[in-house]
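One structure is given below, encoded as structure tokens.
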Amino acid sequence: MSVSFTWLGHSAFSLDIDGHAVLFDPFLTNNPLGAASASEVQAEIIFLSHAHGDHLGDTVDIAKRTGAKVVTGNEIAIWMGKQGVKNAHGHNTGGSYDHGFVIAKWTIAFHSSSFPDGTYGGDPNGFVLTTKQSGRKLYFAGDTALFSDMKLIGDMGLDVAFLPIGDNFTMGPEDSLHAIRLLRPRLVVPMHYKTWPLIDQDAGAWANRVSSETDSQPIVLDPGQTYRLE
Ligand code: NI
Ligand code: MN
């Protein structure tokens, strides 16, 4: 059993977790880097960090087509029900739950969260997934600033951290290096960059700094590219 993940552009990823299809923040339609079509991706669970349109994306359509469970913040889960999504599970910050093949722990994120129409979306979050068969720990930071409690998340022993590096709306490359030193993941994957000029970053330069200034290995993916955990 194993874990692999594919970057679909921005903060969207598709994962194979021990044979189960998972999506993170599936913003595909109108994503300039979108490497998959919302009408084709598969999912048993969609994990959604917050309500902003560049994360919420195609969640409702994909959940209705596939029957995927949407695991997200409590306010967003209630909203999903009102959109006709049959299976939505709400977490709040600090809470863990066993979703079958994966245990999710909902973590803090310093950001904001509102739906595309401006209504309240609850708190933004990140999450740590513990895969039950392969025993991996994956941290998806969502949209966030650097915060020192990342050290506590790192104490869980992370195999992979997915971190935003785009700056302006989230932490940028410089702060992400501090984050990596606090999180101490074996592998670190950049996200939330290059989508638009405002968050353009040089991922190669970032990766060189990760390699020389931290103990983590950078994994820079092209949109559509897959990495398999060994
Ligand atoms: Ni956001
Ligand atoms: Mn965002």
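When a ligand or atom number is given, it counts from 1 through the structure's own listing order.
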Item to check | Whether Asp143 has an N, O or S atom under 2.8 Å from the Ni ion (ligand 1) | outcome: yes
Checklist entry - How about His55: does one of its N, O or S atoms come closer than 2.8 Å to the Ni ion (ligand 1)? => result no
Item to check | Atom of Asp54 nearest the Mn ion (ligand 2) (restricted to N/O/S, atom name only) | outcome: OD2
Item to check | Name of whichever N/O/S atom of Asp143 is nearest to the Mn ion (ligand 2) | outcome: OD2
Item to check | Short N-O contact, Asp159 and Arg186, less than 4.0 angstrom | outcome: yes
Next on the checklist: Need the atom name: nearest N/O/S atom of His50 to the Ni ion (ligand 1).
Outcome noted: NE2
Item to check | Lys151/Asp155 salt bridge by N-O under 4.0 Å criterion | outcome: yes
Next on the checklist: Under 2.8 Å from the Mn ion (ligand 2), can any N, O or S atom of His192 be found?
Outcome noted: yes
Checklist entry - Picking from His91, His50, His99, what satisfies ring-ring contact (aromatic ring centres under 6.0 Å, His included) with Trp106? => result His91
Next on the checklist: Would you say the Mn ion (ligand 2) has His55 as a near neighbour, meaning an N/O/S atom of that residue under 2.8 Å away?
Outcome noted: yes
Checklist entry - Does the distance from a Lys or Arg side-chain N to an Asp or Glu carboxylate O, for Arg181 and Asp215, drop under 4.0 Å? => result no
Next on the checklist: I'd like the atom name of the N/O/S atom in His52 lying closest to the Ni ion (ligand 1).
Outcome noted: ND1
Next on the checklist: In this structure, is the centre-to-centre distance between the rings of Phe162 and Phe24 below 6.0 Å?
Outcome noted: yes
Item to check | Reference residue Val189; test side chain to side chain contact (heavy atoms under 4.5 Å, CB included); the match among Phe140, Tyr227, Phe13 | outcome: Phe13
